[in-house]
Amino acid sequence: MSLGVGRADLKRSRRGIPPVCLPFPGSSQSQSPHQLLHRPGLRLKMGSLRHIAVTLGFCSLFTVTNSISKPKISLTVHKEDDGYVASVTCRSDKGTPPVNFTFTLLNETGAWQIIREGDPRSASLAVPVTLNRKEGEVRCEAANGDRPVTSDTLTLEVVPVNGTVKLTSNRVGSFSGVAGLALHCEVKRGTFPRYHWFLNDSGLDVRGDFYSIQGDGQTLLLKSVTASSSGFYHCVATDSFDEMNSINSEKLFIDKNGLCSLFTVTRGIVLGKPILHAPDVSLAGDIETISCFVPDAPKTEAILYELYQENKAKAFGDYTAYDGHAANFTLQAKPDYDGNFYCKASVQNISAVPSTISDVHYLRVFVPVEGAELVSDPPLAEVFEGRGLTLTCTVKTGTHVSYQWSHNENSTRMSHHRSSGNRLYVTEATLEDAGNYSCRATNQLNDQIYSSSDHIFIRVKVSVSKPKISLTVHKEDDRYVASVTCRSDKGTPPVNFTFTLQNETRAWQIIREGDPRSASLAVPVTLNRKEGEVRCEAANGDRPVTSDTLTLEVVAVNGTVKLTSNRVGSFSGVAGLALHCEVKRGTFPRYHWFLNDSGLDVRGDFYSIQGDGQTLLLKSITASSSGFYHCVATDSFDEMNSINSEKLFIDKNGLCSLFTVTISVSKPKISLTVHKEDDRYVASVTCRSDKGTPPVNFTFTLQNETRAWQIIREGDPRSASLAVPVTLNRKEGEVRCEAANGDRPVTSDTLTLEVVAVNGTVKLTSNRVGSFSGVAELALHCEVKRGTFPRYHWFLNDSGLDVRGDFYSIQGDGQTLLLKSVTASSSGFYHCVATDSFDEMNSINSEKLFIDKSALAGVSAGVFAVVLSCFLFLLCLLTGCCVYGAIYRRRLSSMKPSPTFISPETDSLESEEEEPVESEYMEDMELVKAANIDYTEKGEEESVDEWPEIERALQISCMDEAVTVI
């Protein structure tokens with residue numbers, strides 16, 4: 001049984017009294033909730049607790065929430081400074097707190113400033129209002145977790161008291177046998193009227209000895225009328241939120257007998273409607289004069305004139321005029337003075353004479369426009385074709401502003417351009433909408449005052465279209481690389497492409513070659529094998545678009561090449577002949593045409609090669625165009641693989657005859673692989689010829705024994721394999737193969753059939769190589785002593801490494817680990833494990849090599865040894881030269897060469913040698929003489945015997961400089 005816990009907190013008292021649990025109803029130990037809740041030491045704090053269910057010592061509290069009742073909406077008004085504020089109050093009589101209220105004004109629901117004043121089921125909204133104007137409709141919604149409830153709709157309009165105030169009387173009931181008199185006061189218009197009562201112009205309180213004011217103050221109840229309570233009664237109506245606006249009723253005289261008579265005290269004065277004179281337009285800051293007068297105003301009375309702005313309670317000023325003069329009001333125009341003005345005229349000190357009000361006059365006050373600026377939404381001023389764009393023209397200052405828009409210096413007149421206020425809406429943008437936009441803000445009251453914004457360039461981008469994916473293949477060295485190309489026909493550059501191969505999306509090396517809407521991905525492939533599926537995704541800021549899926553499989557041309565012919569159309573009245581060439585299998589075939597074994601160009605006098613080269617169209621057949629035709633199918637990415645069709649003889653009459661032409665098979669290449677089957681090992685000896693017209697027959701010879709082995713063919717017509725059981729570490733003999741296709745057979749090289757399992761030590765070495773982004777690389781090399789088919793695995797801190805990581809890559813056949821960088825995360829103990837590729841149960845570990853983050857810093861021992869060796873070599877060479885020169889110099893001084901071999905120039909040199917001053921050229925000439933003598937006497941034993949002496953001197957010199965590098 002599962003019981004939900006409500007919103008309640010169960011707390012223990014400070015005295016440590018344990019919590020008390022209540023058994024299920026019906027238990028002999030049941031207690032009433034009242035008894036439980038009033039147990040000393042136990043305090044329960046909750047919103048609304050209705051049930052407590054307890055079993056097995058566990059307590060569960062349930063909170064029952066009362067749904068909210070329909071809220072009641074009401075309105076009050078108060079004055080703040082020169083304006084009026086309406087308080088819209090929403091209250092629900094029922095409902096478990098907390099209650100959330102939402103107000104909607106003019107169908108706009110927003111985060112209004114909501115006021116709460118203690119009542120958890122009530123909230124108020126403050127809304128500024130203008131008198132005598134409908135501000136719209138307002139309603140509220142209340143919710144406390146259950147479905148929300150909406151109030152009635154309230155019209156938000158505040159009307160001040162105006163019009164006449166009617167005073168009526170009637171007899172009511174009796175008070176101690178005396179009939180009472182009720183006076184009722186009512187103003188013609190006013191949303192929140194307040195009434196005040198007067199007797200003989202003295203104000204009456206709410207309650208007196210002979211009267212009481214009832215309800216909302218609209219009724220005065222006279223309990224008795226005596227001499228003291230008789231007199232002139234009247235009432236005054238004011239706004240509850242502003243008592244400055246007031247209207248008097250007529251006076252009602254009541255005598256002591258209760259008789260009533262109405263009186264209006266005016267002295268026969270009647271005021272006419274005042275006339276207001278004011279300017280229509282004013283510039284902010286200018287001084288303006290506004291005049292007001294009452295035609296035919298009584299000259300015997302002082303007339304009080306008051307100037308008001310509509311919807312503002314406080315007068316701008318008052319002016320008392322005598323003798324029928326007009327009132328003049330001077331004011332400095334301000335932006336907030338823009339609006340309707342009127343003046344009020346009344347007879348001073350005679351309240352019984354009704355005041356009169358002039359017609360309103362609209363004074364337009366404008367501020368000069370300045371600082372126009374254009375803002376775009378979206379903010380980057382970019383929009384995709386078919387989408388919308390909004391331009392907003394803002395000004396720093398200015399009132400009564402109108403806006404004009406220009407596009408590329410011309411007014412905007414496009415049908416899908418719509419302006420409203422200071423906004424220009426571009427709906428469903430097209431490429432024609434691109435360009436420079438600007439706005440011009442002008443004062444409506446003076447079109448000579450304006451401000452123009454700077455230009456903003458709007459760029460309309462075309463969404464990228466669905467990319468087309470295609471495949472080409474090329475050969476790099478001894479491997480094949482597929483170029484997967486992704487291209488979108490439409491889309492504003494730059495376009496970003498992402499490729500996914502075998503459901504793996506990563507940062508492939510993407511190649512771009514000038515076309516901004518195209519990209520290629522280079523993927524190494526193996527012929528005749530499915531590498532998986534690839535697709536691409538294109539995006540240029542809008543939603544990305546995905547291409548169709550492409551199967552990544554490259555099949556080399558193989559099978560037969562079929563050559564067919566048929567007559568087509570006519571050329572100048574002569575029927576043509578079409579030859580069609582088709583290879584059985586091949587992803588990217590390329591066709592070449594031959595006539596009498598001579599290649600044909602794309603176009604000739606009597607023929608043309610059509611389309612992708614698969615069709616040869618003969619326009620006419622003459623003696624020069626007749627002969628043997630055939631085609632050759634090759635891979636477009638590797639023309640070394642080729643297959644010939646049969647030859648087709650066409651005579652001058654267009655008659656065709658097929659001939660089969662066989663290409664001799666090339667010398668086969670023999671190779672060996674090994675795999676494990678159950679508990680034995682099987683060697684697959686593969687023999688393949690690069691050329692030769694299929695079918696090719698293969699014969700294998702093992703231990704000089706040629707017999708019908710079980711030969712396996714796997715699709716390649718120029719390849720075959722032989723399965724031979726082998727024993728590890730034993731020579732099984734020598735094997736070779738022979739290939740033939742009808743011509744003379746061709747034999748491969750001989751292969752020794754011996755499979756050696758990995759054994760011996762595994763040597764781990766390191767050396768610096770090249771650099772990666774300017775950082776030296778460290779190469780770790782692993783080599784097992786013996787093993788025919790070794791496989792290497794690399795480990796860092798005993799964790800296996802994948803083929804490629806962030807800081808490393810495993811090169812070639814896995815024998816080399818290249819470290820691009822050594823950091824704290826990549827330093828540690830490295831080692832490799834050598835296993836047999838055909839059986840990983842046999843493994844040998846290398847020693848562990850610790851590499852820290854300083855491994856790539858400084859100079860390695862190897863580099864140091866090389867530099868030092870070069871230095872020692874140069875030093876030995878220099879020493880040898882010095883010794884050689886010294887020996888021959890001594891020998892030259894003791895020798896007298898025959899004058900037969902010495903030229904006159906030599907004699908002059910010898911005479912110079914006897915001079916006391918030594919020339920810097922003397923030593924060089926002596927070496928020349930020594931070389932000359934050595935050449936002339938090279939047969940003499942004396943010069944030959946001197947070389948051992950030189951050799952010993954060199955050895956002694958080098959030994960003195962010997963250094964050992966560890």
Side-chain angles (χ1 to χ4, degrees), residues 77-86 128-133 157-165 187-194 196 236-248 269-282 284-295 297-298 301-365:
V77 180
H78 63 278
K79 187 176 181 181
E80 287 187 2
D81 300 329
D82 293 334
Y84 300 96
V85 177
V129 293
T130 301
L131 302 183
N132 295 316
R133 189 171 76 183
E157 181 183 13
V158 180
V159 179
V161 293
N162 62 89
T164 58
V165 177
V187 68
K188 188 171 184 178
R189 287 180 295 276
T191 307
F192 298 102
R194 179 176 290 166
H196 307 270
V236 176
T238 65
D239 291 309
S240 63
F241 50 83
D242 187 4
E243 296 200 353
M244 294 297 293
N245 182 27
S246 62
I247 305 175
N248 287 16
I269 299 172
V270 178
L271 280 179
K273 185 176 182 179
I275 297 174
L276 181 67
H277 289 290
D280 295 328
V281 178
S282 179
D286 287 355
I287 304 299
E288 303 291 353
T289 299
I290 299 177
S291 64
C292 184
F293 72 96
V294 174
E301 302 293 339
I303 307 299
L304 176 64
Y305 294 95
E306 295 172 290
L307 181 66
Y308 288 89
Q309 187 176 8
E310 197 173 47
N311 300 325
K312 291 187 179 180
K314 187 177 180 180
F316 275 88
D318 55 65
Y319 188 98
T320 302
Y322 298 92
D323 298 329
H325 290 114
N328 293 317
F329 300 93
T330 302
L331 53 83
Q332 184 178 18
K334 297 180 181 179
D336 57 351
Y337 288 176
D338 189 278
N340 289 322
F341 281 81
Y342 65 90
C343 82
K344 177 181 178 181
S346 59
V347 179
Q348 204 162 21
N349 300 322
I350 303 179
S351 60
V353 179
S355 59
T356 56
I357 297 175
S358 71
D359 293 332
V360 296
H361 181 88
Y362 182 30
L363 173 62
R364 291 177 290 182
V365 179

Engineer: Charged N to carboxylate O under 4.0 angstrom, Lys312 versus Asp82?
Structural biologist: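 Result for this pair is no, no salt bridge flagged.
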Engineer: Would you check if Phe293 and His277 make a side-chain contact, meaning some heavy-atom pair closer than 4.5 Å?
Structural biologist: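 A side-chain contact exists here, since the closest heavy-atom pair is under 4.5 Å.
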Engineer: Checking Tyr342 against His361 for the side chain to side chain contact (heavy atoms under 4.5 Å, CB included) test, could you report, in this order, the C-alpha distance in whole Å, the side-chain angles of both residues, the deciding distance, and whether it holds?
Structural biologist: CA-CA 6 Å; Tyr342 65 90; His361 181 88; over 6 Å; no
Engineer: So do the side chains of Val159 and Phe192 get within less than 4.5 Å of each other, counting heavy atoms only?
Structural biologist: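 No. Closest side-chain heavy atoms not under 4.5 Å.
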Engineer: Nearest 0.5 Å please: distance from the NE2 atom of His78 over to the OG atom of Ser240.
Structural biologist: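 Separation between the atoms: 11.5 Å.
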Engineer: What are the two closest non-hydrogen atoms of Ile275 and Pro295, and how far apart are they?
Structural biologist: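 Smallest heavy-atom distance, with atoms named: CD1-CG, 3.7 Å.
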Engineer: A side-chain contact here means heavy atoms from C-beta on lying under 4.5 Å apart; do Ile290 and Leu276 qualify?
Structural biologist: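 The answer is yes; the side chains approach within 4.5 Å.
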Engineer: How far does SG of Cys292 sit from NZ of Lys344, to the nearest 0.5 angstrom?
Structural biologist: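 If we round to the nearest 0.5 Å, Cys292:SG and Lys344:NZ are 12.5 Å apart.
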Engineer: Going through the checks in order, is the side chain to side chain contact (heavy atoms under 4.5 Å, CB included) test met by Val85 and Phe241?
Structural biologist: CA-CA 10 Å; Val85 177; Phe241 50 83; over 6 Å; no
Engineer: With rounding to the nearest 0.5 Å, note down the distance linking OG1 in Thr289 to CG in Asn328.
Structural biologist: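 The CG atom of Asn328 is 6.5 Å from OG1 of Thr289, to the nearest 0.5 Å.
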Engineer: So, Tyr319 versus Tyr305, ring centres under 6.0 angstrom or not?
Structural biologist: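 Here the rings of Tyr305 and Tyr319 have centres that are no less than 6.0 Å from each other.
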Engineer: Do Gln332 and Asp286 have side chains that get closer than 4.5 Å, going by heavy atoms?
Structural biologist: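 Side-chain contact under 4.5 Å: no.
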Engineer: Could you walk me through whether Tyr322 and Ile303 pass the side chain to side chain contact (heavy atoms under 4.5 Å, CB included) check?
Structural biologist: CA-CA 7 Å; Tyr322 298 92; Ile303 307 299; over 6 Å; no
Engineer: When rounded to the nearest 0.5 angstrom, what distance separates CG in Asn132 from CG in Asn311?
Structural biologist: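 That separation rounds to 7.0 Å.
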Engineer: Could you pull out the closest heavy-atom pair between Val161 and Pro193, with the gap in Å?
Structural biologist: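 Closest pair (atom of Val161, atom of Pro193, distance): CG1-CB, 3.8 Å.
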Engineer: With rounding to the nearest 0.5 Å, note down the distance linking CZ in Phe329 to OG in Ser291.
Structural biologist: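 Nearest 0.5 Å value for the CZ-OG distance: 9.5 Å.
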Engineer: Looking at Asp359 and Lys273, is there a salt bridge between them, counting it only when a charged N and a carboxylate O are closer than 4.0 Å?
Structural biologist: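 Asp359 and Lys273: salt-bridged.
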Engineer: Within the 3.5 Å criterion, strictly below it, is a donor on Asp242 or Tyr84 matched to an acceptor on the partner's side chain?
Structural biologist: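 Present: a donor and an acceptor within the cut-off.
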Engineer: With side chains defined as the heavy atoms from C-beta onward, is the minimum distance between Ser282 and Leu363 less than 4.5 Å?
Structural biologist: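 Touching, per the 4.5 Å side-chain cut-off.
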Engineer: Tell me, which pairs form a salt bridge (Lys or Arg N to Asp or Glu O under 4.0 Å) where one or both residues lie in residues 316-329, sequence neighbours left out?
Structural biologist: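 For residues 316-329, and leaving out neighbouring residues, there are no salt bridge (Lys or Arg N to Asp or Glu O under 4.0 Å) pairs at all.
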Engineer: May I ask you to test the Gln348-Glu301 pair for a side-chain heavy-atom distance under 4.5 Å?
Structural biologist: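 A side-chain contact is absent here, since even the closest heavy-atom pair is not under 4.5 Å.
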Engineer: Can you confirm whether Phe341 sits close enough to Leu307 that some side-chain heavy atom of one is under 4.5 Å from a side-chain heavy atom of the other?
Structural biologist: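 Yes; the side chains approach each other to less than 4.5 Å.
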Engineer: Carefully, step by step, assess Asn245 and Thr238 under the rule side chain to side chain contact (heavy atoms under 4.5 Å, CB included).
Structural biologist: CA-CA 6 Å; Asn245 182 27; Thr238 65; over 6 Å; no
Engineer: Any carboxylate oxygen within less than 4.0 angstrom of a Lys/Arg side-chain nitrogen, looking at Arg133 and Glu157?
Structural biologist: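 Result for this pair is no, no salt bridge flagged.
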Engineer: With a 4.5 Å cut-off on side-chain heavy atoms, are Ser355 and Val347 touching?
Structural biologist: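 Of all side-chain heavy-atom pairs linking Ser355 with Val347, none is under 4.5 Å.
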Engineer: First locate atom CG of Asn162, then atom CG of Asp239, and finally report the distance between them rounded to the nearest 0.5 Å.
Structural biologist: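 Rounded to the nearest 0.5 Å, the CG-CG separation comes to 9.0 Å.
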Engineer: Give the minimum heavy-atom separation between Pro298 and Leu271, together with the two atoms involved.
Structural biologist: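 The answer is CD-CD2, 3.9 Å.
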